[in-house]
Novice: 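Below is a structure I'd like to ask you about.
In what follows, every chain begins at residue 1, and chains take the letters A, B, ... in the order their sequences are listed.
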Amino acid sequence: MNLLRLLQQRFAPVLADYADDPAPFVSMVRPAQDTRFGDFQANCAMPLAKRHGLNPKELAAKIAEKVHLQDLCNEVEIAGPGFINLRLRDDLITSEVNRLLTDDRLGVEPPRPARTIVIDFSSPNVAKPMHVGHLRSSVIGDSLYRTLKFLGHRVISDNHIGDWGTQFGMIIYGYKNFLDNDAYTRTPVAELARLYRLVNRLSDFLEARSELPGKKRELEVAERELAATPVPPKGSKDPADKEAEKAIKKLRSQIEGLKDETASLAKKIERVETNAAELALANAHSNIARAARDETAKLHAGNAENLRLWNEFMPECLAALQGVYQRLGIQFDLTLGESWFNPMLAGVVESLKSSGMAVASDGAMCVFIEGNEAPFIVQKGDGAFTYATTDLATIQYRVGELQANEILYVVDTRQSEHFELLFKTVAKWGIAQVDLRHVNFGTVMGKDRRPYKTRDGDTVGLESLLDEAVKEARTIVDLNEAQKADKGEEPLDDAARQSVAEIIGIGGIKYADLHHARESDYVFDWEKMLAKEGDTATYIQYAFARTKGILRKNSIDPIQLLAQGAKIQLSHPAERTLAMQLLKFPEALDAVCAEYRPNQLTQYLFETANAFSAFYNDCPIKGEADEALRNSRCLLAELTGRVLGRALGLLGIQTVERM
RNA sequence: GCACCUGUAGCUCAAUGGAUAGAGCAUCGGUCUUCGGAACCGAGGGUUGGGGGUUCGAGUCCCUCCGGGUGCACCA
């Protein structure tokens with residue numbers, strides 16, 4: 001049972017006497033923000049009093065009196081300017097928490113209308129190895145998938161992989177010109193990745209070489225301009241001086257930007273120039289960028305050779321991706337890449353043209369959305385389609401074939417303009433009713449507050465990241481085992497340690513990611529991620545392991561206890577707090593789904609693990625003489641373990657019974 | 001130039017328009033001859049970037065200024 005919803009249902013009929021639409025006031029019944037104020041609070045009296053010109057405290061008292069609460073609460077207190085503070089009856093908490101013991105769904109009720117929700121996440125490019133940037137999308141998307149599904153929605157995860165884009169032409173070009181056959185036979189994916197990087201590097205080099213002089217000139221001009229600009233007196237309030245100050249600031253930031261740009265170009269040049277073999281290649285393939293684009297165009301046009309190569313590469317690339325997903329514990333219902341929608345693209349553009357939405361502009365077919373200067377390009381000047389076109393076709397398919405009521409895109413914030421245009425285009429296009437939602441997230445940063453990169457400036461590969469995390473976790477596990485040995489506890493064998501390290505390491509990465517509000521950028525910090533203390537996966541996994549340890553070391557079988565009719569009883573404040581926390585699991589999931597925020601669940605987990613640790617400290621089982629109390633505590637530990645395990649599972653994080 | 005995001009404790013971050021703004025880390029101090037110390041309890045630390053406004057009530061909504069970031073025509 002969802003206690004919050006139950007209370008809201010009790011308030012609803014009474015609040016209907018004071019407002020035509022009581023819904024917003026009903027939603028002002030909410031969990032108490034502070035335990036001093038009880039378990040729940042109703043904040044609806046103040047605005048309603050204002051509306052009716054009544055005294056808020058009197059109205060609060062009147063509402064509290066009218067709402068049928070006697071069976072739920074034993075204290076109803078009016079506080080402050082008109083808050084109604086509610087404290088649940090202990091017997092209610094006791095009976096509810098006992099009900100959870102035999103409830104597989106831990107009190108979570110199915111959603112009123114179950115919706116069909118497509119979640120689009122991860123979406124790597126098969127031409128490039130996955131990097132740290134794919135992590136957030138994968139982890140957040142997977143968690144939302146698991147959570148919505150557990151709630152009872154029909155959820156379809158779709159990995160919209162990039163298997164048809166421009167960068168695929170680079171691989172084909174590389175294959176045709178630079179292939180190392182032995183390497184390809186041995187490790188095809190690694191060789192393809194090498195080819196991609198090589199072609200990319202060469203084409204970057206050539207572009208940089210032609211751009212650098214111009215940029216340098218721009219920089220010189222800007223620097224001369226700055227030197228020639230008189231500096232206004234500091235703190236002057238004269239509007240003219242303020243303008244001048246602004247101009248100088250702008251020039252400075254422009255110079256900074258140009259310096260960064262020239263440095264980056266110089267680096268691209270240096271990378272190749274210092275390598276005689278690559279320099280020779282670059283000079284021999286001076287139109288490589290264009291040639292690679294042509295390979296893409298040929299592929300799209302159905303060129304037999306390129307299609308054959310594409311078909312040869314794809315299974316290998318997909319298998320490589322699969323390896324990473326397996327390690328992350330992520331599964332997709334569908335993997336419909338861009339190529340899959342290719343046959344539908346011409347039809348999409350036709351439809352947009354015939355409805356007059358798409359018009360030719362500078363040779364490209366564009367949809368112009370009011371208020372946006374930049375067009376939404378659905379077909380390029382050379383006739384090729386863009387990802388905008390693919391996205392439109394994908395929506396058409398998901399609505400038409402998959403019957404989606406809702407589509408979630410778990411994609412980097414930096415693409416928000418694209419989604420804005422996409423969603424507006426869809427609305428104008430008038431295909432069936434569907435809620436489209438960009439579930440955006442911020443950038444992963446290094447400790448230097450710049451996008452997370454290796455020392456050489458490359459993006460960090462996802463696999464090496466996972467390896468590193470597991471390695472770190474392993475040293476912690478070994479250290480801990482060494483300490484355990486002193487206490488004469490049974491040690492874990494090597495295989496068990498490695499498995500624990502894998503679960504702790506990957507869990508740590510996932511948790512660190514999920515516990516940040518998704519919109520904010522976050523700083524990737526190894527130490528914090530795998531720290532043994534604080535708000536980390538380890539802390540919660542440890543609490544879980546303790547719930548198991550408690551039963552194991554006291555030789556208790558909870559199923560047997562239940563069969564014997566044992567019950568949870570609440571005799572200590574720590575027990576009440578813990579029980580109350582367990583009953584809030586459904587609320588936590590509601591909070592996640594309201595705005596698609598997994599961090600609501602990590603927060604719940606941390607609070608629950610906290611409540612359990614306090615209980616563990618204050619309420620021993622071993623020395624307890626009262627058998628009923630002992631049994632009660634065992635059952636509470638067992639139930640806590642189930643909630644922690646389930647909630648971690650919804651985050652895609654595994655647990656171990658011993659660590 | 002246009003658009004969007006952002007500014008909260010020393011650091012990293014929370015907080016559906018609600019009460020005295022909370023956690024973790026770090027710092028300092030306590031607990032434990034009992035089930036796992038990867039634990040528990042406590043303390044200090046804040047004009048929520050500045051200034052206006054809306055509201056019974058603002059970190060949250062609106063305006064403005066300052067600082068930081070991102071994106072803007074044929075890459076995805």
Novice: Check every strand shown and say whether A/S520 touches a base, only sugar-phosphate, or nothing at a heavy-atom separation below 4.0 Å.
Specialist: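 Touches sugar-phosphate only.
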Novice: Counting the atoms with a prime plus P, OP1 and OP2 as sugar-phosphate, which does A/A531 contact under 4.0 Å by heavy atoms, base, sugar-phosphate, or nothing?
Specialist: nothing
Novice: Can a side chain N or O of A/R30 be found less than 4.0 Å away from OP1 or OP2 on B/G18?
Specialist: yes
Novice: Check whether A/T296 reaches the backbone of A/T166 with its side chain - one donor and one acceptor, N or O, closer than 3.5 Å.
Specialist: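 The answer is yes, because a donor-acceptor pair under 3.5 Å joins these two groups.
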Novice: Students often get this wrong, so: under 4.0 angstrom with heavy atoms, is A/Q41 touching a base, only sugar-phosphate, or nothing?
Specialist: base
Novice: So, is the end of the A/R546 side chain (NZ or CZ) under 6.0 Å from the ring centre of A/Y616 and within 45° of the ring's axis?
Specialist: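 Relative to the ring axis of A/Y616, which defines the angle, A/R546 lies inside both limits.
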Novice: Between the base of B/A76 and the side chain of A/N125, is one N or O donor paired with an acceptor at under 3.5 angstrom?
Specialist: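 There is none.
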Novice: So, under a plain 3.5 Å distance rule, would you say the side chain of A/E533 forms a donor-acceptor pair with the base of B/A39?
Specialist: no
Novice: Rounding to a whole Å, what distance do you find between A/Q415:CD and B/G69:C1'?
Specialist: 17 Å
Novice: Please check if the number of heavy atoms outside A/Q167 that lie under 6.0 Å from its CD is greater than 12.
Specialist: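 Above 12, so yes.
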Novice: Base, sugar-phosphate, or nothing for A/Y616, non-hydrogen atoms under 4.0 angstrom?
Specialist: base
Novice: If we take the P atom in both B/G22 and B/A38, what is their distance in whole Å?
Specialist: 31 Å
Novice: Can you tell me, in whole Å, how much space there is between the C1' of B/G57 and that of B/A39?
Specialist: 40 Å
Novice: Taking the side chain of A/E417 as heavy atoms from C-beta outward, which of B/A76, B/G71, B/A73 is closest to it?
Specialist: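 It is B/G71.
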Novice: What I'd like to find out is whether the side chain of A/E627 reaches to under 4.5 Å of the side chain of A/N631, using heavy atoms alone.
Specialist: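 SC-SC contact between A/E627 and A/N631 confirmed.
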Novice: Write down the distance between CD (A/Q33) and P (B/G57), rounded to a whole number of angstrom.
Specialist: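 Nearest whole value for this atom pair: 19 Å.
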Novice: Using both distances under 3.5 Å as the test, list the Watson-Crick or G-U wobble partner of B/C2, or none.
Specialist: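 In the structure as shown, B/C2 has B/G71 as its Watson-Crick or wobble partner.
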Novice: Counting only side-chain heavy atoms from C-beta out, which of B/A19, B/C41, B/C13 sits nearest to A/F83?
Specialist: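 My answer, after comparing the listed nucleotides, is B/A19.
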Novice: Remember a base hit wins even if backbone is also touched, and classify A/P56 as base, sugar-phosphate or nothing at under 4.0 Å, heavy atoms.
Specialist: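 It contacts nothing in the nucleic acid.
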Novice: Using centres under 5.5 Å plus planes under 30 degrees as the test, is A/F606 stacked with B/A23?
Specialist: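 It does not: the ring fails the test against the base of B/A23.
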Novice: Regarding B/A76, can its base be found pairing with the side chain of A/Y387 as donor and acceptor, where the two atoms are less than 3.5 Å apart?
Specialist: yes
Novice: Counting side-chain heavy atoms from CB outward, which of B/G18, B/A38, B/A39 is closest to A/N617?
Specialist: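 In terms of side-chain proximity for A/N617, the closest of B/G18, B/A38, B/A39 is B/A39.
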Novice: Kindly point out which of B/G18, B/A38, B/A73 is positioned nearest to the side chain of A/D362?
Specialist: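 So the nucleotide nearest the side chain must be B/A73.
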Novice: Using a 4.0 Å heavy-atom cut-off across all strands, classify A/N85 as base, sugar-phosphate, or nothing.
Specialist: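 The residue A/N85 makes base contact.
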Novice: Counting the atoms with a prime plus P, OP1 and OP2 as sugar-phosphate, which does A/C634 contact under 4.0 Å by heavy atoms, base, sugar-phosphate, or nothing?
Specialist: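 If one applies the 4.0 Å heavy-atom cut-off, A/C634 turns out to touch nothing in the nucleic acid.
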Novice: Which nucleotide in the set B/C35, B/A15, B/A76 lies at the smallest distance from any side-chain heavy atom of A/Q600?
Specialist: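 Nucleotide nearest to A/Q600's side chain: B/A15.
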Novice: Report yes if the side chains of A/F40 and A/L4 come closer than 4.5 Å at any heavy-atom pair, otherwise no.
Specialist: yes
Novice: Does B/C4 have OP1 or OP2 under 4.0 Å away from a side-chain N or O of A/S416?
Specialist: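 No, outside the criterion.
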Novice: Can you figure out which of B/A38, B/U34, B/C40 approaches the side chain of A/Y539 most closely?
Specialist: B/C40
Novice: My understanding is that only residues two or more places apart in sequence, or in another chain, count here; which of them pass side chain to side chain donor-acceptor pair (under 3.5 Å) with A/T413?
Specialist: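 Here the qualifying residues are A/N440.
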Novice: For B/A14 and B/C72, measure between their P atoms and round to the nearest Å.
Specialist: 25 Å
Novice: Please list, chain by chain and in numerical order, all residues satisfying ring pair (Phe, Tyr, Trp, His ring centres under 6.0 Å) with A/Y542, sequence neighbours excluded.
Specialist: none
Novice: Taking the P atom in each of B/U60 and B/G52, what is the distance between them to the nearest angstrom?
Specialist: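 Here B/U60 and B/G52 have their P atoms 14 Å from each other.
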Novice: Indicate whether OP1 or OP2 belonging to B/A73 is found under 4.0 Å from a side-chain N or O atom of A/N372.
Specialist: no
Novice: Identify whether any heavy atom of A/S361 sits under 4.0 Å from a base atom; if not, whether one sits that close to sugar-phosphate; answer base, sugar-phosphate or nothing.
Specialist: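 If one applies the 4.0 Å heavy-atom cut-off, A/S361 turns out to touch a base.
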Novice: Base, sugar-phosphate, or nothing for A/G381, non-hydrogen atoms under 4.0 angstrom?
Specialist: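 Base, at least one base heavy atom under 4.0 Å.
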Novice: On a whole-Å scale, what distance lies between the C1' atoms belonging to B/G59 and B/G50?
Specialist: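 Between the two C1' atoms, the distance is 15 Å.
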Novice: RNA chain B: A/G623 or A/K532, which has the more 5' nearest nucleotide?
Specialist: A/G623
Novice: Looking for any heavy atom pair under 4.0 Å, which part of the strands does A/A364 touch: base, sugar-phosphate only, or nothing?
Specialist: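 Contact class for A/A364: base.
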Novice: What is the distance, to the nearest angstrom, from the CD atom on A/E77 to the P atom on B/G18?
Specialist: 19 Å
Novice: Assuming nearest nucleotide by heavy-atom distance, tell me which of A/Q167 and A/G549 is located more 5' along RNA chain B.
Specialist: A/G549
Novice: Return the orientation label for the A/Y387 and A/H418 ring planes: parallel under 30°, perpendicular over 60°, tilted otherwise.
Specialist: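 Ring orientation, 0 to 90° scale: parallel.
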Novice: For a 4.5 angstrom cut-off between non-hydrogen side-chain atoms, does A/K510 reach A/P598?
Specialist: no
Novice: A/R546 side chain: which of B/G18, B/G37, B/A73 is closest?
Specialist: B/G37
Novice: When all nucleic acid strands are considered with a 4.0 Å heavy-atom cut-off, which category describes A/D535: base, sugar-phosphate, or nothing?
Specialist: sugar-phosphate
Novice: Counting any heavy atom closer than 4.0 Å, what does A/K128 reach on the DNA or RNA strands: base, sugar-phosphate only, or nothing?
Specialist: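 It contacts nothing in the nucleic acid.
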Novice: What is the nucleic acid contact for A/T166, judged by heavy atoms within less than 4.0 Å: base, sugar-phosphate only, or nothing?
Specialist: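 Sugar-phosphate contact only.
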Novice: I'd like the C1' distance from B/C5 over to B/A23, given in whole Å.
Specialist: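 My reading of the C1' atoms in B/A23 and B/C5 gives 25 Å.
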Novice: Considering only side-chain heavy atoms of A/R414, which listed nucleotide, B/C72, B/U12, B/G71, is closest?
Specialist: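 Within the option list, the nearest is B/G71.
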Novice: Between B/C11 and B/G17, how far apart are the two P atoms, rounded to whole Å?
Specialist: 27 Å
Novice: Considering only the P atoms, how many Å lie between B/C66 and B/G51, rounded to the nearest integer?
Specialist: 15 Å
